[in-house]
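We're numbering straight along the sequence, starting at 1.
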Amino acid sequence: MCLILGIIYGAIAVVVAFYYYLTARNNFWKKLKVPGPKPELAFGNIRKVMFGQESLADFLTGIWNEYKNEPFVGIFLRRDPALIIQDPDLIKDVLIKDFSTFVDREFLAIDPADPLSDHLFVLKEKKWRPLRTQLSPVFTSGKLRGTFRLILQCSNQLESYLDKLVEKNEPVEVREVAAKFTTDVIGSCAFGLEMNSLSDMESDFRRIGRQIFATDIIKVIRIRMKQIVPWLNTLITRIVGPSEVTSMIMKITRETIEYRKKHNIVRPDFMNILLELKKHPERLGDIELTDGLLAAQAFAFFAAGFETSSTAISNVLYELAFNHEVQDKLRAEIKEFEEENCGEWKYETIKQMKYLNKVFQETLRKYPGLPVLSRKAIDNYTFAGTKLTIPRGTLVWIPVYPIHMDPTTYPDPHKFDPERFSDEKVNKRHPMQFMPFGHGPRNCIGGRFAIYQTKIGLIKILRKYKVDVCEKTLYPYKFNPFAFILAPMGGVYLNITKSEN
């Protein structure tokens, strides 16, 4: 009897202790007098997001609408508190003025068993700062002029590929077409390889690209595991071994660097920067320069470079299919610049196309790559003009998507209106009310590259073709709740036909 009672009391003690563990921080924001929704046991405020019942963008929009006039909102990511900052001046402090306190991101933990997880997007300050310094030169205007020719070559292949698709007279999944184009661009500009995605044969790089951003049940479970119990995810990785993506990127990076080193090959691309680091590891100070660290940076450039730009291209085409006046005006500008430059596209030409830029920016307003920017305080911090002090280690979120869709800043926000980005209107807005590439020292390192490959892809498509909705077109547009970046549920199908003008 005593044994049974002991077991019962022990079980009760375990349950109570676990309950205390789950709820111990539930008053965190209440003590700091920060408003916010009441957390649910074990899930905090993100149960629906975790199970794919709503996208992160929709969750953030709900918070924004409920606490519209609050500079801060306190939420819980499971049991961990996070502060959503809604005031643009305070956002500017976090991203720019007091960046040194918020230098770290906190999104996915680095997996010791997966070398590709050690990339620039997630690195802590000690590794991030010297790596950012060494990698930044590849994205300067001077370097982009050098890679422009490579992007243009891939866009010519895109044009030929589209000719074949249009002949079939069937709806085209434009997101897949755009992904094949951007995969080829990244292959050429990062690895110096012909990836041949724009062909009838299945490209290995396009196949692993799909794997990286897959949202099947196994991938979702592994991501949740990495967020909640990272040690278990690491253990599984060690047991099952490296993924095909890891093996392939590691092999290509290592072989490309060795081949170029042996044959003294120099190209104006990302891999050349990695080769220079390999030759001069002292540039990173006391950071150990492993093959895995180099491959991780190549992986980040490949993954982010093709997926975000291909999604942007397909989103532009999606909006143009519903807004023919905008499409016709943009095509007219393309034709105008093509005639002025005798059919030759140059780096400087793209910069001069004002309406193309407006269309591109309006698309990024409605569909920013990431719905939220994440930062973590590395020291105690008091927000200017407030009494709120957050302790070291507090996670801070900048709600990009709700800011971009705020009707106070952007009237009728669901309407696609490129004129929102006229010089006059841009100058009237707070700079923190448009941030598709982030702001400050830790903004998107490849933002300028992404802009150019996206614009060139659009030019090559729209100069000859027009896009229209079809019976398979997604409407209304719905975000995939399991996607890492803001991406549509399913494909983006459109009719593509030869333009008459």
Side-chain angles (χ1 to χ4, degrees), residues 105 107-124 127-128 131 135 179-180 182-193 195-197 202-261 269-271 273-275 277-278 281 284 287-308 310 445-446 482-485 487:
R105 288 193 178 112
F107 212 82
L108 289 175
I110 294 174
D111 184 352
D114 182 7
L116 297 192
S117 68
D118 205 21
H119 55 75
L120 199 65
F121 187 82
V122 298
L123 288 176
K124 304 292 185 185
K127 281 187 177 181
W128 170 81
L131 261 175
L135 297 178
K180 288 184 175 185
T182 55
T183 297
D184 280 1
V185 170
I186 299 301
S188 180
C189 297
F191 296 92
L193 300 174
M195 294 191 175
N196 298 315
S197 296
E202 172 76 329
S203 161
D204 286 340
F205 267 88
R206 181 66 199 114
R207 181 169 51 79
I208 68 167
R210 291 194 196 96
Q211 290 182 28
I212 293 170
F213 291 95
T215 55
D216 57 86
I217 185 65
I218 300 298
K219 188 68 179 286
V220 171
I221 290 174
R222 290 296 296 270
I223 291 175
R224 295 291 180 257
M225 194 181 298
K226 194 170 185 178
Q227 293 171 330
I228 301 170
V229 280
W231 61 268
L232 180 58
N233 182 72
T234 298
L235 178 62
I236 292 175
T237 303
R238 293 190 190 283
I239 292 172
V240 303
S243 66
E244 182 185 13
V245 174
T246 298
S247 298
M248 187 172 178
I249 298 295
M250 288 286 292
K251 180 175 182 291
I252 289 174
T253 303
R254 189 184 302 113
E255 290 179 351
T256 302
I257 289 176
E258 290 304 318
Y259 183 83
R260 291 192 183 187
K261 185 177 180 182
D269 59 16
F270 191 76
M271 197 59 67
I273 294 289
L274 298 185
L275 175 58
L277 279 177
K278 183 82 171 178
L284 295 181
I287 297 174
E288 182 183 3
L289 188 62
T290 63
D291 288 345
L293 187 62
L294 290 174
Q297 312 321 311
F299 164 76
F301 185 24
F302 168 64
F306 90 81
E307 181 70 4
T308 55
S310 62
I445 189 174
F482 291 120
F484 178 73
I485 68 170

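Counting heavy atoms of neighbouring residues, nucleotides and ligands inside a 6.0 Å radius, atom NZ of K124 exceeds 12 of them.
With hydrogens and angles left out, the side-chain atoms of T237 and T234 include no donor and acceptor closer than 3.5 Å.
The CD1 atom of I218 lies 12.0 Å from the CD1 atom of I223; values are rounded to the nearest 0.5 Å. We find the CG-CG distance between L135 and L277 to be 6.5 Å, quoted to the nearest 0.5 Å. Within the model, atoms CD1 of I236 and NZ of K226 stand 12.5 Å from one another, a figure rounded to the nearest 0.5 Å. With rounding to the nearest 0.5 Å, the separation of CG in L123 from CG in L131 is 6.0 Å.
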**Asked** Can L293 and I287 be said to form a side chain to side chain contact (heavy atoms under 4.5 Å, CB included), step by step?
**Response** CA-CA 10 Å; L293 187 62; I287 297 174; 4.1 Å; yes
**Message:** Under the criterion side chain to side chain contact (heavy atoms under 4.5 Å, CB included), I'd like the reasoning laid out for N233 against D114: C-alpha separation, chi angles, the key distance, then a yes or no.
**Reply:** CA-CA 10 Å; N233 182 72; D114 182 7; over 6 Å; no
**Request:** Check the pair D118, K127 against side chain to side chain contact (heavy atoms under 4.5 Å, CB included), reporting the backbone distance first and the verdict last.
**Result:** CA-CA 9 Å; D118 205 21; K127 281 187 177 181; 2.9 Å; yes
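Counting all heavy atoms, side chain and backbone alike, P115 lies closest to A296 at O-CB, 3.4 Å. Nearest heavy-atom pair across T246 and L116 is CA-CD1, 3.4 Å. When all heavy atoms of F302 and I249 are compared, the closest pair comes out as CD2-CD1, 4.3 Å.
Counting heavy atoms from C-beta on, the side chains of R238 and P112 come closer than 4.5 Å. Taking 4.5 Å as the limit, some side-chain heavy atom of D291 sits within range of a side-chain heavy atom of K278.
Classification of E258 and R254 as a salt-bridged pair fails, no side-chain N sitting under 4.0 Å from a carboxylate O. Salt-bridge check for R206 with D184: failed, with every basic side-chain N at 4.0 Å or more from each acidic carboxylate O.
Between F484 and F121, the two ring planes are perpendicular [angle over 60°; tilted spans 30° to 60°].
With hydrogens and angles ignored, the 3.5 Å screen pairs a side-chain donor or acceptor of T183 with a backbone N or O of A179. Side-chain atoms of T253 never come within 3.5 Å of backbone atoms of M250 as a donor-acceptor pair (strictly under, hydrogens ignored). A donor-acceptor pair is defined here as one N or O able to donate and one able to accept, closer than 3.5 Å; such a pair exists between the side chain of Q297 and the backbone of L120. The backbone N or O of V185 sits nowhere less than 3.5 Å from a side-chain atom of S188 that would complete a donor-acceptor pair.
Shown here are the ring pair (Phe, Tyr, Trp, His ring centres under 6.0 Å) partners of F270, two or more places apart in sequence or in another chain: F301. Not a single salt bridge (charged side-chain N to carboxylate O under 4.0 Å, His left out) links R105 to another residue, sequence neighbours left out.
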